[in-house]
Amino acid sequence: MKKLIFLVIATLACISVRAAVNIPFTEIPYNVNYHWGIINVNIAHGFVKIQSDGTTFHGTLDGVSIPWEGHVILVSDTLTFQPVPGTPYEKENIVYQSGWYRRPKANYFRSKNYNPADPEIYKNLRGEGNYNASHDSMEAICVTSDMIAMFYYARVIDFEKMQKGQKFSIPINGEYASEVVVTYDGPGSYSVEDETFNTYNCQYEYTYEGKLSGYQVKMRIDKVTKLPVFISASLPVGRVEMLYNP
């Protein structure tokens, strides 16, 4: 995919970032919807699991699609990093990162013979596996694995002290992304299953090799639990949404 190149022009005001926090093991269920024109379908279910001991954050994202054109799409991402205190930002020092993409046929996935370790059915960020995944698919997997960090930042960024439209960036010491640029969109709300959450709304985009990825992600964060309850990501065609499924 052709990378979008544009300059972020903003005054980076001091953002109040709380000290590293302890996060008990938390498993968050999501439904995943896909939108393109009049197409609006539920395509997958997934879980994000997060935990932090105050010095190291660990998160995983696992998703399994509803059979699509005879196949089941599976993604599995892992991110472990240590937040490095700084002024005014924390730095994300990545310890481990992995992203996997699998697309077995549905009948094979359901059979007793399914072997997720078979190199013929997977490709990961390190180039391992023989599956002929597209460049766009693997680029999206890279963004997804980086995105897990936002589940940590949702806990530590003091949105109450930010102004609508305010931008800031978080530096990243890792193999792929070099920073994430965050824009605060102000307060909002989100309703699901007859429950309404008051939210902090923001959007963010990762930088790779000095260029913004082109995958702009919007997120709504519940003010009470600090859990992302809505995530929307732009794709080359359409957009995909992760919806909190309480």
Side-chain angles (χ1 to χ4, degrees), residues 15-33 42 44-64 75-85 88-92 94 143-170 172 180-206 216-233 239-246:
I15 308 301
S16 176
V17 179
R18 301 185 182 95
V21 297
N22 291 309
I23 302 174
F25 176 81
T26 306
E27 184 175 85
I28 316 158
Y30 290 95
N31 287 324
V32 183
N33 291 345
N42 176 232
H45 305 287
F47 290 88
V48 174
K49 301 173 185 178
I50 58 175
Q51 189 170 16
S52 174
D53 62 4
T55 59
T56 301
F57 170 86
H58 181 80
T60 64
L61 184 155
D62 291 291
V64 179
V75 296
S76 180
D77 298 303
T78 301
L79 180 69
T80 301
F81 74 87
Q82 295 172 331
V84 181
Y89 319 109
E90 288 189 344
K91 184 177 183 179
E92 181 183 328
I94 294 178
V143 173
T144 303
S145 62
D146 281 314
M147 183 191 76
I148 296 172
M150 292 302 298
F151 286 77
Y152 170 80
Y153 299 137
R155 301 290 186 102
V156 299
I157 296 172
D158 194 347
F159 289 106
E160 285 291 334
K161 294 184 178 180
M162 296 181 63
Q163 300 296 318
K164 182 177 180 179
Q166 194 167 347
K167 296 178 183 284
F168 66 99
S169 63
I170 299 169
I172 300 171
V180 57
V181 180
V182 182
T183 304
Y184 179 52
D185 290 333
S189 63
Y190 175 71
S191 297
V192 60
E193 297 292 334
D194 297 323
E195 189 171 359
T196 298
F197 302 90
N198 293 318
T199 61
Y200 301 113
N201 296 349
C202 67
Q203 54 185 295
Y204 58 90
E205 189 168 352
Y206 283 88
Q216 188 177 71
V217 183
K218 296 183 179 181
M219 180 179 282
R220 299 179 188 178
I221 300 164
D222 176 40
K223 288 185 175 182
V224 177
T225 64
K226 302 301 189 295
L227 291 178
V229 292
F230 173 88
I231 303 168
S232 176
R239 76 180 189 276
V240 64
E241 295 176 347
M242 288 175 56
L243 313 173
Y244 178 52
N245 181 28

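In the model, Glu193 has no side-chain atom that pairs as donor or acceptor with a side-chain atom of Tyr244 under 3.5 Å. One side chain, Lys167 or Thr183, offers a donor N or O that lies under 3.5 Å from an acceptor on the other. For the 3.5 Å distance criterion, the side chains of Glu90 and Tyr152 qualify, holding a donor opposite an acceptor.
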Check the pair Tyr204 / Gln216 against side-chain hydrogen bond (donor to acceptor under 3.5 Å, both in side chains), numbers first and verdict last.
-> CA-CA 6 Å; Tyr204 58 90; Gln216 188 177 71; over 6 Å; no
Trace of the side-chain contact (heavy atoms from CB on, under 4.5 Å) decision for Ser145 with Leu79 = CA-CA 6 Å; Ser145 62; Leu79 180 69; 5.6 Å; no
Under the side-chain hydrogen bond (donor to acceptor under 3.5 Å, both in side chains) rule, what do Asp62 and Ser76 come out as? Steps first, then yes or no, please.
-> CA-CA 5 Å; Asp62 291 291; Ser76 180; 2.7 Å; yes
Can you check side-chain hydrogen bond (donor to acceptor under 3.5 Å, both in side chains) on Glu160 and Tyr200, steps first, answer last?
-> CA-CA 9 Å; Glu160 285 291 334; Tyr200 301 113; 2.7 Å; yes
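Note that Arg220 lies in the cation-pi zone of Phe230, set by a 6.0 Å cut-off to the ring centre and a 45° limit from the axis.
Ring centroids of Tyr184 and Phe159 are separated by less than 6.0 Å, placing the two rings close together.
At least one donor-acceptor pair closer than 3.5 Å links the side chain of Asn22 to the backbone N or O of Gly54. Judged purely by atom type and a 3.5 angstrom limit, Gln166 uses its side chain to pair as donor or acceptor with the backbone of Gln163. A donor-acceptor pair under 3.5 Å is formed between the side chain of Thr199 and the backbone N or O of Gly188.
The shortest non-hydrogen separation linking Val21 to Val156 is CG2-CG1, 3.8 Å. Taking all atoms of both residues into account, the shortest heavy-atom contact from Asp185 to Lys164 is O-CE, 3.4 Å. Of all non-hydrogen atoms in Ile50 and Phe57, the two that sit nearest each other are CG2-CZ, 3.6 Å. Between Pro228 and Tyr30 the shortest heavy-atom distance is O-OH, 2.6 Å. Closest approach of Met162 and Asp158 over heavy atoms only: CG-O, 3.7 Å. The two residues Lys223 and Lys226 make their nearest non-hydrogen contact at O-NZ, 2.6 Å.
Atom CD1 of Ile28 is separated from atom OG1 of Thr225 by 8.0 Å, given to the nearest 0.5 angstrom.
Of the options Asn33, Val32, Ile231, Val229, a side-chain contact (heavy atoms from CB on, under 4.5 Å) to Leu243 is made by Asn33 and by none of the others.
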